Amino acid sequence: MFFLGINKYLFNSISIFEDMVLRREFYARSSKRVAIDLLGKVLVRKVGNKILRGKIVETEAYFGMEDPASRAYGGKKNLNAPMWDKEGTSFVYMVHGNWLFNVITEREGKPSAVLIRALEPVDGKGIMLKNRKKKNPNIFKDKELCSGPGKLTQALAINQSHTGLNVNKKGDIYIEDNKERFEVVRGHRIGVSKDLPEKLRFYIKGNSYISKK
DNA sequence: CATATGATGGACT
DNA sequence: GTCCATCATATGG
């Protein structure tokens, strides 16, 4: 056990943070702030005894009923009710035949969320590739595994059933801390018909695993 | 039951 | 860049 830890420390710079799960308070802030701060952090997915890990390299912030691009727009309904859940709760829903993974921010009763749009694969790339090939057999490069919100849910086998999980504690899905410095690029949210004036898409400058330039 | 709607992905030019 | 398959929901007849 001890030597395993040492090996990870020596040979995998990200693994030394694997026990540092982001606390619930991390998510109890504006979705804009959380979206920026989630960059560089590591999304972990456990499937049986396998572990899949990817560094978050692209996010988008969504607000509540005032945000025309938010799922909460127009008020609470069956489909979007998880938007009103407690901060640090997962919310997965389908758009254009793809499951999209979000984490609820702010606080319970105040709808807002961060969409995870792209990951840089870290651990379990072989399984991610296998999962991706189920829908698209032509995938073979690392950069095609998680470079989009629908791609990463395919790669990590995330679907509707993963709504309502606490990502702030170790379980099937959680997010680990990772101290790493980089520049953040801002842009307008992708694929929304009615966006806000503010740029609410964020990605790590120079990272080649993002969905679009 | 029929049809429209996406916070998309993939194939193609 | 363009086009279209995708599929869980919502909504209307």
Side-chain angles (χ1 to χ4, degrees), chain A residues 27 30-36 38-39 43 54 56-85 87 89-106 110-121 128-164 167 173 175 184-204 208-213:
Chain A
Y27 305 98
S30 78
S31 53
K32 182 171 86 177
R33 194 64 247 166
V34 176
I36 295 168
L38 273 178
L39 293 175
L43 181 63
I56 297 168
V57 299
E58 178 182 343
T59 59
E60 278 176 3
Y62 287 84
F63 301 121
M65 296 191 278
E66 336 72 39
D67 179 357
S70 172
R71 286 258 113 168
Y73 188 67
K76 196 171 180 176
K77 302 184 188 80
N78 283 341
L79 176 75
N80 63 10
M83 287 288 290
W84 277 258
D85 274 354
E87 67 276 13
T89 306
S90 59
F91 176 29
V92 183
Y93 64 90
M94 177 156 285
V95 176
H96 290 286
N98 293 278
W99 295 111
L100 307 201
F101 180 78
N102 299 255
V103 181
I104 302 305
T105 57
E106 296 254 14
K110 185 163 191 300
S112 59
V114 172
L115 169 69
I116 311 294
R117 282 194 57 92
L119 304 174
E120 178 179 334
M128 292 184 195
L129 183 63
K130 201 174 146 194
N131 289 339
R132 287 279 284 126
K133 278 181 180 288
K134 289 174 190 169
K135 275 206 169 181
N136 184 353
N138 303 320
I139 299 298
F140 62 98
K141 286 186 288 192
D142 278 7
K143 296 200 179 175
E144 297 171 299
L145 296 178
C146 303
S147 54
K151 297 177 187 176
L152 71 91
T153 55
Q154 285 178 39
L156 302 193
I158 292 173
N159 57 56
Q160 178 76 300
S161 74
H162 301 103
T163 288
V167 303
I173 302 173
I175 302 176
V184 175
V185 182
R186 289 182 75 155
H188 281 289
R189 295 179 295 189
I190 292 180
V192 301
S193 45
K194 290 166 288 183
D195 203 359
L196 293 170
E198 190 174 8
K199 292 178 175 176
L200 294 169
R201 171 181 179 238
F202 309 94
Y203 60 90
I204 294 178
S208 54
Y209 294 87
I210 61 172
S211 64
K212 290 181 183 178
K213 266 287 183 186

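Numbers restart at 1 for each chain; the letters A, B, ... are given by sequence-line order, proteins then strands. It should be emphasised that the depicted structure is a prediction, and the values quoted were computed from it without experimental measurement.
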Interatomic distance where [atom1] belongs to [X] and [atom2] belongs to [N] [whole Å]:
X: A:Phe101; N: B:dT8; atom1: CZ; atom2: C1'; result: 18 Å
X: A:Leu115; N: B:dT8; atom1: CG; atom2: P; result: 8 Å
X: A:Ile104; N: B:dA7; atom1: CD1; atom2: C1'; result: 13 Å
X: A:Gln154; N: B:dG9; atom1: CD; atom2: C1'; result: 8 Å
X: A:Lys194; N: B:dT5; atom1: NZ; atom2: P; result: 11 Å
X: A:Lys212; N: B:dA7; atom1: NZ; atom2: C1'; result: 11 Å
X: A:Tyr93; N: B:dT8; atom1: OH; atom2: P; result: 8 Å
X: A:Ile158; N: B:dT8; atom1: CD1; atom2: P; result: 16 Å

Is [X] touching bases, backbone alone, or none of the nucleic acid, heavy atoms closer than 4.0 Å?
X: A:Asn98; answer: base
X: A:Leu79; answer: sugar-phosphate
X: A:Arg201; answer: nothing
X: A:Asn102; answer: base

Checklist line | Sidechain-backbone polar pair: A:Asn98 side chain, A:His96 backbone, donor-acceptor under 3.5 Å | finding: yes
Notebook entry, point to check: Just by modelled atom types, is the A:Ala35 backbone N or O under 3.5 Å from a matching donor or acceptor in the A:Thr59 side chain?
Noted result: yes
Would you say the side chain of [Y] lies within less than 4.5 Å of the side chain of [X], judging by non-hydrogen atoms?
X: A:Phe101; Y: A:Val167; value: yes
X: A:Arg186; Y: A:Glu198; value: yes
X: A:Lys143; Y: A:Tyr209; value: yes

salt_bridge([X], [Y]) N-O dist < 4.0 Å:
X: A:Glu144; Y: A:Lys151; answer: no
X: A:Arg189; Y: A:Glu60; answer: no
X: A:Asp195; Y: A:Arg201; answer: no
X: A:Glu58; Y: A:Lys212; answer: no
X: A:Glu87; Y: A:Lys110; answer: no

Check: In dot-bracket, 5' to 3', how would DNA chain C read with Watson-Crick or G-U wobble pairs under 3.5 Å, [ ] for crossing ones and | for pairs to another strand?
Finding: |||||.||||||.
Checklist line | Distance below 4.0 Å between A:Arg117 side-chain N/O and B:dA7 OP1 or OP2 | finding: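 Looking at the OP1 and OP2 atoms of B:dA7, neither is under 4.0 Å from any side-chain N or O of A:Arg117.
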Notebook entry, point to check: Run the side-chain hydrogen bond (donor to acceptor under 3.5 Å, both in side chains) check on A:Arg117 and A:Ser211 step by step: do they pass?
Noted result: CA-CA 7 Å; A:Arg117 282 194 57 92; A:Ser211 64; 3.2 Å; yes
Check: Residues from residues 141-151 of chain A sitting under 4.0 Å of DNA chain B, heavy atoms only?
Finding: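 Hits under 4.0 Å, by residue number: A:Gly148, A:Pro149, A:Gly150, A:Lys151.
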Checklist line | Which residue lies more 5' along DNA chain C, comparing A:His96 with A:Gln160 via nearest heavy atoms | finding: A:His96
Check: Quick one: how far along DNA chain C does chain A reach, first to last nucleotide 5' to 3', anything under 4.0 Å to a heavy atom?
Finding: C:dT6 to C:dA10
Margin query: So if I apply the side-chain contact (heavy atoms from CB on, under 4.5 Å) rule between A:Thr163 and each of A:Asp85, A:Val92, A:Thr89, A:Ile158, which one comes out positive?
Written below: A:Val92
Check: When you measure from the side chain of A:Val95, which nucleotide among B:dG9, B:dG10, B:dA7 comes out closest?
Finding: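 The nucleotide sitting nearest to the side chain is B:dA7.
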